[in-house]
Amino acid sequence: MSASLVRRGLELLEPPEPPGQRKAAPGAQRGRDGSRAAGAARRRRRAPEPARNKATVKGRVVKSAIEEYHKKKPVNHLRENLKYMLKGRLVADQAITEQVLAQNRGRKSKDQPPEKAEKKKPEGTVFTEEDFRKFEREYFGIP
């Protein structure tokens with residue numbers, strides 16, 4: 001809000017003056033005699049030109065409601081987008097993609113992917129089938 005609007009609002013809120021007593025003009029009180037004249041000149045410069053009468057039809061282009069509807073109707077770009085996306089099927093080599101990803105990763109440990117632990121192959125048993133049969137005979141007493 002500008003200072004002039006605040007001043008006007010405060011002047012409206014002041015109690016009415018008795019008829020015999022007059023205050024000096026608000027601009028004269030504050031020592032702004034020159035600024036008032038400049039404001040009036042500015043207002044004179046900004047005088048509005050006579051606007052064109054909008055009630056007349058002269059020069060107006062009639063818009064078709066159907067054309068406006070077709071202009072604003074949403075267009076489905078799915079087919080063009082799919083053609084564009086499927087057009088270039090160049091797949092980079094796996095080693096190159098890994099190298100690019102490694103270069104783009106940060107150096108901090110939180111940016112590094114977790115290292116995959118190598119799976120240990122299950123070792124074969126030391127015992128043979130014959131050893132198991134022998135154990136069965138001894139433990140369970142089966143001949």
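Just the heavy atoms: all of them, side chains too, but no hydrogens, waters or symmetry mates, feed the values below.
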Return the set of residues passing side-chain hydrogen bond (donor to acceptor under 3.5 Å, both in side chains) with [X] (not counting sequence neighbours), or none when no residue passes.
{"X": "Ser4", "value": "Ser2"}
{"X": "Glu129", "value": "none"}
{"X": "Gln112", "value": "none"}
{"X": "Ser64", "value": "none"}

Who else is in [X]'s hydrophobic cluster (ILVMFWY, side-chain heavy atoms under 4.5 Å, direct or via others)?
{"X": "Met85", "result": "Tyr84"}
{"X": "Tyr69", "result": "none"}
{"X": "Leu86", "result": "none"}

Under the side chain to side chain contact (heavy atoms under 4.5 Å, CB included) rule, collect the residues that match up with Leu78, sequence neighbours excluded.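 Checked Leu78 against side chain to side chain contact (heavy atoms under 4.5 Å, CB included); matches are Asn76, Leu82.
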
Taking side chain to side chain contact (heavy atoms under 4.5 Å, CB included) as the definition, give me every residue that meets it alongside Thr128, ordered by chain and number, with sequence neighbours left out.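 Testing Thr128 for side chain to side chain contact (heavy atoms under 4.5 Å, CB included), a comparison that skips the adjacent residues, returns Glu130, Asp131.
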
Mind jotting down which residue pairs meet the salt bridge (Lys or Arg N to Asp or Glu O under 4.0 Å) criterion with at least one end in residues 110-119? Sequence neighbours excluded, please.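 Matches after skipping sequence neighbours: none remain.
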
Should the heavy atoms of other residues, nucleotides or ligands under 6.0 Å from CD of Glu67 be counted, would the total exceed 12?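 No - once you tally the heavy atoms of other residues, nucleotides and ligands closer than 6.0 Å, there are 12 at most.
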
Who are the salt bridge (Lys or Arg N to Asp or Glu O under 4.0 Å) partners of Glu68, not counting sequence neighbours?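 Glu68: salt bridge (Lys or Arg N to Asp or Glu O under 4.0 Å) contacts with Lys71.
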
Phe135: which residues meet the ring-ring contact (aromatic ring centres under 6.0 Å, His included) condition with it, sequence neighbours left out?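 Tyr139.
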
